[in-house]
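This report refers to the structure that appears directly beneath it.
In this text, all values refer to a predicted model and were calculated from it rather than measured experimentally. So that the names make sense, note that chain A is the first sequence line, chain B the second, and so on, each numbered from 1.
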Amino acid sequence: MTQNAPPYTSSLLRLLSERGYVHQVTDAHGLDALAAKQIVPGYIGFDATAPSLHVGSLVQIMMLRRLQQAGHKPIVLMGGGTTKVGDPSGKDESRKMLTSADIAANIASIRTVFEKLLTFGDGPTDAVMVDNDTWLSALGYVELLRTVGPHFTINRMMTFDSVKLRLEREQPLTFLEFNYMILQAYDFRELALTAGCRLQMGGSDQWGNIVNGIELTRRMESVEVYGLTTPLLTTADGAKMGKTAAGAVWLNEDALPAWDFWQYWRNVDDRDVGRFLRLFTDLPLDEIARLEALGGSEINAAKVVLANEVTKLVRGAEAAAAAEATAAATFAGGGVGADLPSLACPDGSIALIDALIGLGFAASRGEAKRLIAGGGARVEGHSVTDEAHVIAFQGAEIRVSSGKKKHGVLRPA
RNA sequence: GGACAGGUGGCCGAGUGGUUAAAGGCAGCAGACUGUAAAUCUGCCCGCGCAAGCGUACGCUAGUUCGAAUCUAGCCCUGUCCA
């Protein structure tokens, strides 16, 4: 639930708060006043560990979009430098060291998504993308200690939740992690100095880092800067956003086809529809209120709107339209849509098992058989329980499905 | 460097010589019910095989044994404490 909105005067804070982006602000009224009288350059940091960001980062990206919509300047900070060190917090994953080339390629790939959602350029409110590697790798350790070190007291660092939590739980906190917050703080100070940046935003887990940056900037440069965090975004059933059977919901087209991306939004929990519409689409609030109020099965219309709008923003209007058309044809009409995964079969017949594997519905023959045995495999919408079933076809496309939601097409080669 | 604890399937977590492809939970997939939702109930959930079965798997390596996730030794890694 969003808290009752304070009476903000700036369009920025009004926009952010009424759309549900605001969790905590360091100095809401100070920021409000600043945003009302000048262009506020604000930044959010992103990881460069993979060639694509996923849905979990979309709130942050959208927040930069809102910043720009409200007439301010978004700065996309890519963590090229911090990625080199390797973020130690995700300790479940074996941290493979990325080469500089990998990181550069990742950043280039991620940038394509930002270009859809933000307007880049040289103008006063145009977005820019920077890489903290630029300044971090130029920094010597001793120099870092001398510049930044005096402004951090261990006493204070110990009071941060991220640190406290680890200590209380007797979980290890490495020295590297302890330094990580210093590097993050340094980013803010650097951007404040070189780009006039006055605001850092991020997920609620970044609160401590953001506050550190604010503190450091004030101490070193005597500049007042602000921080704002979004609520931790989970789906209504409590899971972290962005996971599906196939893995993460990636924002880049080459990491996840538009059809699957669209389906992700089409299938969100009823309870999430309004919240997601506010966060992830540009629809006017009264329109969203109307959609959100739909009851029973009518809420499905709102989900289609959600899927269309988000896909349009992230993947383009064409992809959204194609996905919707495919959905209409596939689910309502019982036919096939152009966007479905397809498999070309050379000689006019194929074993059902192979078709399921070829379409990516089963990872192994055993899995395909289990699917068939469980009644989940369908040909032309009819459940087939014979494991040895062979599909023969002449000329026409044949629809093969796994369950009621995952559909694919067989095409004669 | 020393003492202790521990490393089990995507995750958590039982299992201390055969009955263990490994309890249970979570996640996932499918079926029923629905609205391409949620909740609930049911089935499935290492690979190959129509099947009998075969292969692979309990940190790594080498042993003991008819037989090891379970015992022994060495090594690697993680945690706690001491130096």
statement: Residue set satisfying ring pair (Phe, Tyr, Trp, His ring centres under 6.0 Å) with A:F114, at least two apart, ordered chain then number -> A:F46
query: Between B:G28 atom P and A:K406 atom NZ, what is the distance in whole Å?
result: 12 Å
query: Expressed as a whole number of Å, how far does the P atom of B:C26 sit from that of B:C75?
result: 41 Å
- request: For A:V268, answer base if it contacts any base atom (sugar-phosphate contacts may also be present), sugar-phosphate if it contacts only those atoms, and nothing otherwise; contact means non-hydrogen atoms under 4.0 Å.
  value: sugar-phosphate
Atom pair distance, as rounded to whole Å: CD in A:E324 and C1' in B:U36: 14 Å
task: Using both distances under 3.5 Å as the test, list the Watson-Crick or G-U wobble partner of B:G1, or none.
output: B:C82
- prompt: Given atom CG of A:L359 and atom P of B:C29, what is their separation to the nearest angstrom?
  reply: 17 Å
- prompt: Could you state the CD-P distance from A:E367 to B:G47, rounded to the nearest angstrom?
  reply: 7 Å
message: What's A:E298 touching, base or sugar-phosphate or nothing? Going by heavy atoms closer than 4.0 Å.
response: nothing
- prompt: Between A:R66 and A:Y21, is NZ or CZ placed under 6.0 angstrom from the six-membered ring centre and within 45° of the ring axis?
  reply: no
query: With sequence neighbours left out, what residues match A:D270 under salt bridge (Lys or Arg N to Asp or Glu O under 4.0 Å)?
result: A:K303
query: What interatomic distance, in whole Å, is found between P of B:A23 and the corresponding atom of B:G35?
result: 38 Å
- prompt: Counting side-chain heavy atoms from CB outward, which of B:G35, B:G47, B:U36 is closest to A:D270?
  reply: B:G35
- prompt: A:D269 CG to B:A39 P: how many Å, rounded?
  reply: 7 Å
- request: Determine which nucleotide pairs with B:A37, using a 3.5 Å limit on both distances of a Watson-Crick or G-U wobble pair.
  value: none
field: Qualifying residues under salt bridge (Lys or Arg N to Asp or Glu O under 4.0 Å), relative to A:E115, sequence neighbours excluded
entry: A:R111
query: What is the distance from CG of A:L371 to P of B:G43, rounded to the nearest Å?
result: 18 Å
Nucleotides 49-53 of chain B: which of its N/O atoms have a protein N/O under 3.5 Å away?
from, atom 1, to, atom 2, distance (Å)
B:G49, OP1, A:R365, NE, 2.7
B:G49, OP2, A:R365, NE, 2.8
B:C50, OP2, A:K369, NZ, 3.4

- request: Could you give the distance separating B:U65 and B:U72 at their C1' atoms, to the nearest angstrom?
  value: 11 Å
task: Sticking with atom P, work out how far B:G74 lies from B:A83, rounded to a whole angstrom.
output: 26 Å
query: Between B:A30, B:U36, B:G31, which one does the side chain of A:S402 approach most closely?
result: B:A30
- prompt: Is there a donor in the side chain of A:T119 and an acceptor in the side chain of A:D126, or the other way round, less than 3.5 Å apart?
  reply: no
field: Working for side chain to side chain contact (heavy atoms under 4.5 Å, CB included), residues A:L279 and A:M62
entry: CA-CA 7 Å; A:L279 287 170; A:M62 286 302 293; over 6 Å; no
message: Side chains of A:N308 and A:W262: any donor to acceptor distance under 3.5 Å?
response: yes
- request: Could you work out the separation of B:U61 and B:A68 based on their P atoms and round it to a whole Å?
  value: 15 Å
- request: Pick the C1' atom in B:U8 and in B:G13, then give their distance to the nearest Å.
  value: 9 Å
- prompt: Picking from B:A37, B:A38, B:C48, which would you name as closest to the side chain of A:R271?
  reply: B:A38
Contacts of type ring pair (Phe, Tyr, Trp, His ring centres under 6.0 Å), residue A:H72, not counting sequence neighbours: none
message: If the cut-off is 4.0 Å, is A:S364 near the phosphate of B:C46, judged by side-chain N/O to OP1 or OP2?
response: no
statement: Rounded to whole Å, the CD1-P distance (A:I353 to B:A30) equals 17 Å
message: Pairing check on B:G67: which nucleotide meets the Watson-Crick or G-U wobble criteria with it, both distances under 3.5 Å?
response: none
statement: Using Watson-Crick geometry (N1-N3 plus N6-O4 or O6-N4) or G-U wobble (N1-O2, O6-N3), each under 3.5 Å, B:C44 is paired with B:G28
field: Sole candidate of A:L77, A:D187, A:V76, A:T194 that passes side chain to side chain contact (heavy atoms under 4.5 Å, CB included) when paired with A:V130
entry: A:L77
statement: pair_partner(B:U61), Watson-Crick or wobble, both distances < 3.5 Å, evaluates to B:A73
query: Between A:R378 and A:K405, which has a closest nucleotide on RNA chain B that is more 5'?
result: A:R378
query: Rounded to whole angstroms, how far apart are CG on A:L291 and C1' on B:A37?
result: 16 Å
query: With both distances under 3.5 angstrom, what nucleotide forms a Watson-Crick or G-U wobble pair with B:U56?
result: none
- prompt: Base, sugar-phosphate, or nothing for A:R370, non-hydrogen atoms under 4.0 angstrom?
  reply: sugar-phosphate
task: Could you work out the separation of B:G53 and B:C41 based on their P atoms and round it to a whole Å?
output: 35 Å
message: Both A:A363 and A:N300 contact RNA chain B. Which one's nearest nucleotide lies toward the 5' end?
response: A:N300
- request: Report the nucleotide, chosen from B:A32, B:C48, B:C44, that has the shortest atom-to-atom distance to any side-chain atom of A:K404.
  value: B:A32
query: With rounding to whole Å, what would you report as the distance between B:G15 and B:U20 at their P atoms?
result: 16 Å
Those residues that, when tested against A:E367, pass side chain to side chain donor-acceptor pair (under 3.5 Å) (two or more places apart): none
